[in-house]
Amino acid sequence: MSTKVLSVGGSIVAPEYPDVEFVGKFAEMIKDYLSSHKGDKLIFVVGGGGPARIYQKAFRDVTGTAPDAGTDAADWIGIMATRLNAQFVKACFGDFCKEAVVTDPTQAKDFTGSILLAAGWKPGFSTDNDAVLLAEKFGADTVVNLSNIEKVYTDDPRKNPDAKPLDNISWADFRKMVGDEWTPGKNCPFDPIASKKAESMGLKVICAGGKNLDNIRAILEGKNYIGTTIA
């Protein structure tokens, strides 16, 4: 019996609109996994994805706020998008998820279902940090970070054709890549604030592609997988 925490990027749940086909297949895979791993529990922390970026851009367009300005208003807009996405995913799991969506990871209680859904908490970091805090609270030693990239690269492959995918990277080297600052809507493999906390805890983070359901199951079952391990 174990508890595993998955940070499910909003970009795979709702890249612009909810990805009905993906969420349906993801839910079926997870239900099948839990049926053959009795007693296991899973915590999903869902990001804001397209809805967060669309509304944050609208806010910045209206107010003239710079994209790199760290404002609480933009963060709260993103947080509300994570809560909508999380409520949608929770509803798709039905009786597997009995508790309300967690919006404050420090107040999360033991849950009676097999699945717990969580969303954004407060400004200053992304849902990755909420996932780390939930891992600490429930004694998980690994966070699985699912996004629209299969591995962490040495640089942004969209801008640098020489960027190389990594199978493993230390927290020290990873944090040099992502820095220490969080701005609302920042796009990086794992939130800088979450990274700092994860390093201090000695937590392992696996970054993997969120659309590869067979690979996600392999990670959950401790088998060989495609992804980047940060430790």
Aromatic ring pairing Phe44/Phe93, orientation class (parallel under 30°, perpendicular over 60°, tilted between): parallel
Identify whether the distance between the nearest side-chain nitrogen and carboxylate oxygen of Lys204 and Asp141 falls below 4.0 Å. no
Might you confirm whether atom NZ of Lys211 has over 12 heavy atoms from other residues, nucleotides or ligands at distances under 6.0 Å? yes
Which pairs with one or both residues in residues 20-34 pass salt bridge (charged side-chain N to carboxylate O under 4.0 Å, His left out), sequence neighbours excluded? Glu21-Lys25, Glu28-Lys31, Asp32-Arg217
Between Ile12 and Asp19, the two heavy atoms sitting closest are O-CB, 3.9 Å
Check this for me: does any side-chain nitrogen of one of Asp167 and Lys151 sit under 4.0 Å from a carboxylate oxygen of the other? yes
Using the test salt bridge (charged side-chain N to carboxylate O under 4.0 Å, His left out), find all partners of Lys98 that sit at least two apart in sequence or belong to another chain. none
State plainly whether the residues Lys57 and Asp61 are in salt-bridge range, i.e. N to O under 4.0 Å. yes
To check you understand the geometry: which heavy-atom pair defines the closest contact between Phe59 and Ile77, and what is its length? CB-CD1, 3.5 Å
Closest heavy-atom pair, Leu220 versus Tyr33, reported as atoms and distance to 0.1 Å, is O-OH, 3.5 Å
Could you tell me whether Phe88 atom CZ has more than 12 heavy atoms of other residues or ligands within 6.0 Å of it? yes
Any idea how Trp171 and Phe174 line up, ring-wise: parallel (<30°), tilted (30 to 60°), or perpendicular (>60°)? perpendicular
If only side-chain N and O atoms count, and only distance matters, is there a donor-acceptor pair under 3.5 Å linking Ser195 with Lys197? no
Can you name the closest pair of heavy atoms from Pro51 and Ala14 and give their distance? CD-O, 3.5 Å
Scan side-chain atoms only and decide if Asn212 and Tyr225 contain a donor-acceptor pair under the 3.5 Å cut-off. no
Tested for side-chain contact (heavy atoms from CB on, under 4.5 Å) against Pro105, the lone hit among Val132, Val5, Leu134 is Leu134
